[in-house]
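Remember, predicted model here, so these are calculated numbers, not experimental data.
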Protein chains: 2
Amino acid sequence: MLTYFCVEMRPRDEHKEYKIRQKAIELIVAEGLDGFGVNKLARSAGVSPATIYIYYKDKEELISSICVGVAEKMMTFSLQNFSPDMDFADGLRVQWRNRLEYFMQCPLDMEFIEIMRYTHFYEKVTAMLTVNFGQVLGAFMRNAEKKQQLIPLPFEVYWAVAYAPLYQLIKFHNQGNSYVNSSFKLDDKLMEQALGLVLKALKP
Amino acid sequence: MLTYFCVEMRPRDEHKEYKIRQKAIELIVAEGLDGFGVNKLARSAGVSPATIYIYYKDKEELISSICVGVAEKMMTFSLQNFSPDMDFADGLRVQWRNRLEYFMQCPLDMEFIEIMRYTHFYEKVTAMLTVNFGQVLGAFMRNAEKKQQLIPLPFEVYWAVAYAPLYQLIKFHNQGNSYVNSSFKLDDKLMEQALGLVLKALKP
DNA sequence: TTTAAATAAGCGAATGCTCACTTATTTTTG
DNA sequence: CAAAAATAAGTGAGCATTCGCTTATTTAAA
């Protein structure tokens, strides 16, 4: 943006942009992608529909931009206190904890991403995740193999066993019930239990 | 339906109904739930929009009905050759194989269900799955515990570790790539490798 | 210090278009 | 013929987007 070259202009109300994004996430989580509209969003955020088009070219760009923003936030969060050359069990535990903590703090973000996952908006997210996530966690896996703390495996098999169970537990928690229990709450103890099983599977 | 009470009437063209359902799945997988419309579907299936409303009350019921239909088909398929009192490793292997085979035969169905999973249409599916799936697989789990072939676990932890990795592998296959590899194909060997890890995790 | 020029932010009220759904009519069967 | 199936041609509601305008802010000339 060329903002700082222009000396004569009215500054943007940052709060407005924030509120638009926040309300968009809320609306999409509450009513799904269909049922989400620009006019509805404008009313909900307390701005004019036209204002939204100052910030975003069109509906497509609005949703895309929010999508990538949330995904970036999640990724940054889940790499906190993590380094690819950590001990395998410790590193995996940090990853699990970070993801769980993020989801506890921002449950809407999680649900939002899940909704977006099977739309064409998610393609840009995948591209971003592939570069950042893949490199760091790929390195982590190779290091652990070298230290003989992890069975040598194709990346996909490793990923599926190492992380998919956690996401499934979070899904159960989100929908509040699984196929047998009518109410399910994920906590630290359950997470540790599942992580224990996963480590057992992956350690030599 | 009262079809067989009426003696004078023109019979329905069963092929039309089938084609409507089939094309609906194709369209939703290709373009997502947004971008899917009744008029478009009608053109694509070679019928009039009004015809669709002879079979279904409204768009909502159309999608719901297809959703539940596909889910029922999947469930039936994945319980083939399975019984709750099978040996644990054998039973789990049958489950994995069935799911994998179904997905190989009907990849569209799989993608369709994934798209629907985070919409309100899925609630009816969850209800159906809870009753049928939960009872059979819950029994399987308890039997395996009794026979000491499975560590005692909360159902959700068991489910997450036992099945989530398979679904993740199928997702990687469907999208054709993972976070590090630009092309990924799931086959029997990879499935067996992952299943081996899962069994290692779950056996005492 | 005042004031006017300049400019982006912001808005309410359309606009045209697409969509789910309906109606009036024709076709196909027993 | 009777009756349901099937349709072509709508209809009106709701949608994304835009237009013409006002407001807020800054700077620089007077």
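- Put simply, CD1 on I54(A) is 18 Å from P on dA16(D), counting in whole angstrom units.
- Both V47(A) and N39(A) sit near DNA chain C, but only V47(A) has its closest nucleotide nearer the 5' end.
- Counting to the nearest Å, the C1' atom of dA5(D) and the OH atom of Y55(B) are 8 Å from each other.
- L62(B) places its CG atom 15 Å from the P atom of dC19(C), with the value rounded to the nearest Å.
- One atom, CD1 of I52(A), and another, C1' of dT18(D), lie 14 Å apart when rounded to the nearest Å.
- A donor-acceptor pair is defined here as one N or O able to donate and one able to accept, closer than 3.5 Å; no such pair exists between the side chain of K23(B) and the backbone of A45(B).
- For dT7(D), one of the phosphate oxygens OP1 or OP2 lies less than 4.0 angstrom from a side-chain nitrogen or oxygen of T51(B).
- Remark: E114(B) engages R117(B) in a salt bridge, criterion side-chain N to carboxylate O under 4.0 Å.
- Taking atom CD1 of I63(B) as the reference point, atom P of dC19(C) lies 14 Å away to the nearest angstrom.
- A ring-centre distance under 6.0 Å is found for F140(B) and F88(B).
- Residue Y56(A) is out of contact with every strand shown, counting any heavy-atom pair closer than 4.0 Å.
- Closest approach to the S48(A) side chain among dC15(D), dG12(C), dC21(C) is made by dG12(C) (side chain taken as heavy atoms from C-beta onward).
- Regarding Y53(B), its OH atom lies at a distance of 7 Å from the P atom of dT22(C), rounded to whole Å.
- Cation-pi check for R97(A) over F82(A) is not met; the charged atom does not lie both under 6.0 angstrom from the ring centroid and within 45 degrees of its normal.
- Between the CG atom of D34(B) and the P atom of dA16(D) there is a distance of 11 Å, given to the nearest Å.
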